[in-house]
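Labels below follow one simple rule: chain letters A, B, ... track the order of the sequence lines, proteins then strands, and each chain is numbered from 1.
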Amino acid sequence: MKNVASKSINPCDIRAVANFYATQIQLCCPHSPTSYPQARCIHAHMTTSGVKPRGHILNRLIDVYCKSSHLVSAHQLFDKIPLPDIVARTTMLATYSASRKPDMALEIFNTTPLRMRDTVFYNAMITAHCHDEDGHAAIKLFRDMRREGFSPDKFTFTSVLKLFDEMPVRDELTWTTIITGYVRNGDLDTARRVFEGMEEKLVVAWNAMILGYVHNGFVSEALEMFKRMNLSGIKLDEFTYTSVLSACASAGLFLFGKQVHAYILRMEDKLSRDFSLSVDNALITLYWKCGKVDEARMIFNNMPVRDLVSWNAILSSYVSAGRINEARSFFIEMPDRNLLTWTVIISGMAQNGLGEEGLKLFNQMKLEGLKPCDYAFAGAISSCAVVAALKHGCQLHAQLVRLGFDSSLSAGNALITMYTRCGVVEAAHYLFLTMPFVDSVSWNAMIAALGQYGHGAQALELFEQMLEEEILPDRITFLTILSACSHAGLVNQGRSYFDAMYGLYGIRPEEDHYARLIDLLCRAGKFFEAKDAIQRLPFEPGVPIWEALLDGCRIHGNVDLGVQAAERLLELRPQHDGTYILLSNMYVDVGRWDDMAKVRKLMRDRGVKKEPGCSWVEVENKVHVFLVDDTAHPEVQAVYNYLEELGMKMRELGYVPDTKYALHDVGSDKKQHGLSTHSEKLAVVFGLLKLPRGATVRVFKNLRICGDCHNAFKFMSKVIERDIVVRDGKRFHHFRNGECSCGNY
DNA sequence: GTAGGGTTAG
């Protein structure tokens with residue numbers, strides 16, 4: 001050691017010497033048997049070279065002496081320090097405690113000024129009392145520490161809980177603290193054990209138990225507790241009421257909630273007390289979560305006093321009901337806003353397809369000096385997912401990592417979707433595999449991603465893995481799975497998943513689940529069974545059901561049944577363009593031009609406008625948008641030229657342009673290339689021209705991709721040996737080497 | 001010693 005020191009360290013440079021010792025001592029592991037002689041050596045070396053051990057070096061020396069049972073050396077060193085820091089003190093205290101020298105431990109404790117102490121220090125002393133079997137002293141200290149403003153951690157609770165088995169309970173206040181500690185850590189069983197052991201249960205203890213159950217999703221346990229509490233004759237307070245109302249809200253128990261509401265009103269009368277503000281806030285949440293947004297607003301309007309919680313609750317109610325315009329004006333009206341307010345409105349925008357507005361608000365929030373939390377990031381990231389802004393999404397991902405939010409569940413889940421919807425399913429998968437924590441949302445998102453990319457079998461595999469890992473599937477999981485089955489043509493498997501949904505998992509299928517079942521059957525051409533399923537629906541079939549049927553009929557050219565479905569749809573929503581288009585395409589497929597024209601006329605007569613198709617592609621941080629037969633884009637001529645060149649090569653490989661779809665588009669009669677110039681074709685070709693050689697072209701389209709374009713991209717991917725990804729209104733098509741991942745779905 | 005408002009998946 002001397003050699004190393006003299007070779008590389010200038011002995012006059014005090015800092016360098018100190019650093020050198022710091023490194024040496026760092027290498028000396030306190031638990032190893034050789035640590036003591038090593039530490040001694042370093043210590044002696046320091047003494048002879050005139051460097052006084054300080055700070056970390058000192059604490060480490062003390063630590064090593066303590067751990068190697070050289071308590072006397074440790075204490076000698078400790079005594080020499082003018083003002084030992086809290087780490088050194090804790091080390092000494094803990095060692096005395098472990099060596100069963102409680103008096104020495106207590107002396108260290110008492111000579112440590114209050115302002116130096118911390119939770120760990122208190123924990124050490126509490127443990128010392130426990131070792132000394134002085135339970136009362138331990139409990140007293142536990143209470144002191146709370147009174148002095150130190151919050152106990154799980155180590156504190158572990159020590160104190162040990163006493164619980166040994167001591168008769170006398171001090172309800174302490175046990176209540178312990179219960180809340182366990183509740184906070186989600187250990188409800190232990191909390192319950194302590195609770196049941198209490199002779200006299202305080203209101204706060206009851207409340208803590210109820211709330212613990214609510215927060216962890218055990219609603220029936222919470223309500224059971226509430227009923228028992230009520231019977232026990234103890235006085236309920238506003239904490240009790242808010243907790244119970246919250247339980248009802250999350251479980252959708254509207255009637256029970258209303259009973260509680262009525263009960264509270266009676267108690268208010270009886271006690272001439274006003275529980276108002278917090279209870280009203282809880283009531284707002286109860287009403288909107290049970291789908292009664294206007295009633296929630298009524299409560300808000302009638303409140304004598306409101307706070308930010310009330311405002312935020314109403315904002316959430318509008319957002320969740322998809323009433324985004326009301327949410328926006330309410331947001332503007334708000335007298336005060338906090339991080340939560342912004343989070344709600346940002347993600348509200350994303351949920352309602354207004355990604356750009358969501359991102360604007362996110363920036364505005366930052367301009368107002370608010371630091372976004374991971375939930376706010378999640379909102380901004382899903383805004384990116386909506387508009388397929390990959391670059392922007394990546395930037396947010398980078399910021400997230402920089403800010404240390406990279407283990408956040410909500411942001412991670414939002415990222416999975418963002419990458420998926422931007423056409424980078426590999427990134428989504430990588431994220432899913434490397435996230436430190438995942439939940440059912442993450443699983444659902446990943447399964448959906450695979451399904452949307454046409455990897456039906458892989459999606460099902462992942463689902464099976466989810467079950468193996470004992471993650472409970474929910475209604476969304478089954479929506480995803482049914483789609484995946486329909487995709488992969490796995491009719492029987494899909495049907496058995498549908499049956500298992502209620503039979504095995506107790507999830508009652510809703511209309512959208514049935515719609516996917518119909519879709520599954522129709523796509524497989526099983527119209528008889530689809531019709532049968534529709535007839536046996538436990539409710540009146542609505543839009544999703546008829547849509548699925550019409551779609552399936554179109555694929556198989558089952559015009560008669562398709563017309564029936566279309567008629568129902570036209571009744572249910574006469575102003576929706578999609579039905580007319582589907583119906584007219586179906587007539588085109590079978591060459592019934594007259595009927596097609598009739599549909600077109602009906603559409604015109606009713607004033608229904610077809611949503612114009614547009615496609616866009618991101619090149620060098622700019623989004624380029626194309627319309628059908630675009631003439632507006634400045635570089636469109638180069639696109640047409642290249643398209644023609646590609647068209648020739650594609651035809652050599654056997655590509656035959658299918659012009660029948662082109663007939664639908666007004667003004668597309670000048671088809672100079674023998675190719676229809678749908679927006680997606682222009683966007684893809686532009687991407688091929690502009691993006692770096694070999695880079696995957698990712699194009700987004702607002703409507704569904706047309707059949708001819710789909711076929712063309714297959715040939716195109718082969719001709720130019722590049723990957724093309726197209727996200728249309730519903731799913732993804734990954735073209736590679738003449739094939740599409742969707743399997744012509 | 002405790003509450004009431006958020007997020008992500010189709």
Using a cut-off of strictly less than 4.0 Å between a heavy atom of the residue and any atom of DNA chain B, enumerate the qualifying residues of residues 381-389 of chain A by number. A:Ser382
Considering only heavy atoms, which members of residues 342-355 of chain A lie under 4.0 Å from some atom of DNA chain B? A:Thr343, A:Val344, A:Ser347, A:Gln351
Using a 3.5 Å cut-off and no angle test, enumerate the donor-acceptor pairs between side-chain atoms of residues 209-217 of chain A and protein atoms at least two apart in sequence or in another chain.
{"unit_1": "A:Tyr213", "atom_1": "OH", "unit_2": "A:Arg192", "atom_2": "NH1", "d": "2.8"}
{"unit_1": "A:Asn216", "atom_1": "ND2", "unit_2": "A:Gly212", "atom_2": "O", "d": "2.8"}

Looking at residues at least two apart in the chain, or sitting in another chain, which of them share a ring-ring contact (aromatic ring centres under 6.0 Å, His included) with [X]?
X        : result
A:Tyr514 : A:Phe498, A:Phe539
A:Phe362 : A:Phe377
A:Tyr419 : A:His397
A:Phe732 : A:Tyr453

Among all residues two or more places apart in sequence or in another chain, which pass the side-chain contact (heavy atoms from CB on, under 4.5 Å) test with A:Lys289? A:Ala249, A:Thr285
Tell me whether the side-chain N/O atoms of A:His215 come closer than 4.0 Å to OP1 or OP2 in B:dG4. yes
Got a salt bridge between A:Asp187 and A:Arg193, using NZ or NE/NH1/NH2 to carboxylate O under 4.0 Å? no
Would you mind classifying the nucleic acid contact of A:Asp374 as base, sugar-phosphate or nothing, using non-hydrogen atoms under 4.0 angstrom? nothing
Counting any heavy atom closer than 4.0 Å, what does A:Leu308 reach on the DNA or RNA strands: base, sugar-phosphate only, or nothing? base
Set of residues satisfying side chain to side chain donor-acceptor pair (under 3.5 Å) with respect to A:Asn230, sequence neighbours excluded: A:Tyr263
[options]: which one has an atom nearest the side-chain heavy atoms of [X]?
X        : options              : value
A:Ile476 : B:dG5, B:dA3, B:dG10 : B:dG10
A:Trp288 : B:dG10, B:dA9, B:dG6 : B:dG6
A:Ala282 : B:dG6, B:dT2, B:dG4  : B:dG4

